[in-house]
Amino acid sequence: ALFDALMWVMKTRNAYWSQVLPAEKIEKLNAAGFVWSEREEEWEAMYLWYKELKSTEFPNVQVPIKATYKGHYPIGRWVSIQRTAYNKGELTPHQINRLEKEGMVWDVYEEQWQKAYRALIAYTKENPGKPISENTKSQNISIGKWVSAQKLAIKRGTLSDARMQSIWEAEKITSMD
């Protein structure tokens, strides 16, 4: 029975891709949620696993690259592949919307920078006038080390104008030696 079902799926997909499947059958199969390609089927399965992990194990953070679903499926690697596909323009708008709904961050480095910047702002508001040392932490982020790295990037000329402006607006960066 399983073999017959698999053969039917293969023949139906082949007829669809060969453009010989009648439109009414396509409509009925679409309404039933039929998946036309193995790649779509795999994407859908991985997306559902990603969605589950985001709601259970990683609700407030990004899924790590080494994360697996049930110890077998490399969901972290899949997330990385989705980011690459997004940057190359290879994801559909529907896929993009679904991933973003689950909290997908396309640029992890930008997210990390913004998180550290927000921690710096929070620190300066909570500790007005207090200098930032190399060991200063805020919101579990080593903002002292982060500030040092930003100053080094400024000296090297590798920090964007927008980021430089944001840092100078944080006020306290200039009080760190």
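Since the model is a prediction, treat every value here as computed from it, not as a measurement.
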Exercise. Atom CD of Q112 and atom CG of D107: how far apart are they, to the nearest 0.5 Å?
Worked result: 9.0 Å
Exercise. Is there side-chain contact between D161 and Q165, with heavy atoms separated by less than 4.5 Å?
Worked result: no
Exercise. For Q82 and R77, does a side-chain donor sit closer than 3.5 Å to a side-chain acceptor?
Worked result: no
Problem set entry | Atom pair OG/CD of S138 and E126 - distance to nearest 0.5 Å | 5.5 Å
Exercise. Does R83 reach the side chain of M104, with side-chain heavy atoms less than 4.5 Å apart?
Worked result: yes
Exercise. Of all heavy-atom pairs between I143 and A116, which one has the smallest distance, and what is that distance?
Worked result: CG2-O, 4.1 Å
Side-chain atoms of residues 23-34: list all donor-acceptor pairs with protein atoms under 3.5 Å, sequence neighbours left out, distances to 0.1 Å.
{"from": "N30", "atom 1": "OD1", "to": "W36", "atom 2": "NE1", "distance (Å)": "2.6"}
{"from": "N30", "atom 1": "ND2", "to": "I26", "atom 2": "O", "distance (Å)": "3.4"}

Problem set entry | ILVMFWY cluster, I141 and V105 together (side-chain gap under 4.5 Å) | no
Exercise. Quick one: are K151 and V147 in side-chain contact, heavy atoms under 4.5 Å?
Worked result: yes
Exercise. Are W78 and I65 joined in one hydrophobic group, where the rule is that I, L, V, M, F, W and Y side chains link up if heavy atoms are under 4.5 Å apart?
Worked result: no
Exercise. Which is it for Y123 and K137 under the side-chain contact (heavy atoms from CB on, under 4.5 Å) test, yes or no, and what are the steps along the way?
Worked result: CA-CA 8 Å; Y123 178 84; K137 289 190 173 197; over 6 Å; no
For this session: Measure the shortest side-chain to side-chain distance between T68 and Y73 over non-hydrogen atoms and say whether it is less than 4.5 angstrom.
Result: no
Problem set entry | Linked, directly or transitively: L120 and M164 (ILVMFWY side chains, under 4.5 Å) | yes
Exercise. Can T158 and L152 be said to form a side-chain contact (heavy atoms from CB on, under 4.5 Å), step by step?
Worked result: CA-CA 9 Å; T158 58; L152 182 59; over 6 Å; no
Exercise. Does the side chain of Y117 come within less than 4.5 Å of W146's, by heavy atoms?
Worked result: yes
Exercise. For residues Y50 and E102, is any side-chain donor paired with an opposing acceptor at under 3.5 Å?
Worked result: no
Exercise. Mind checking whether W106 and E100 have side chains closer than 4.5 Å, heavy atoms only?
Worked result: yes
For this session: Could you please spell out the steps behind the side-chain contact (heavy atoms from CB on, under 4.5 Å) verdict for K54 and Q62?
Result: CA-CA 8 Å; K54 280 297 288 177; Q62 294 304 306; 4.1 Å; yes
For this session: Assign the ring pair Y47 / W43 to parallel, tilted or perpendicular, where the plane angle (0 to 90°) is split at 30° and 60°.
Result: parallel
Exercise. L91 versus L99: any side-chain heavy-atom pair under 4.5 Å?
Worked result: yes
Exercise. Are the side chains of K115 and E110 in touch, meaning some heavy atoms are under 4.5 Å apart?
Worked result: no
Exercise. With hydrophobic residues grouped by side-chain heavy-atom distances under 4.5 Å, do Y16 and V35 end up in a single group?
Worked result: no
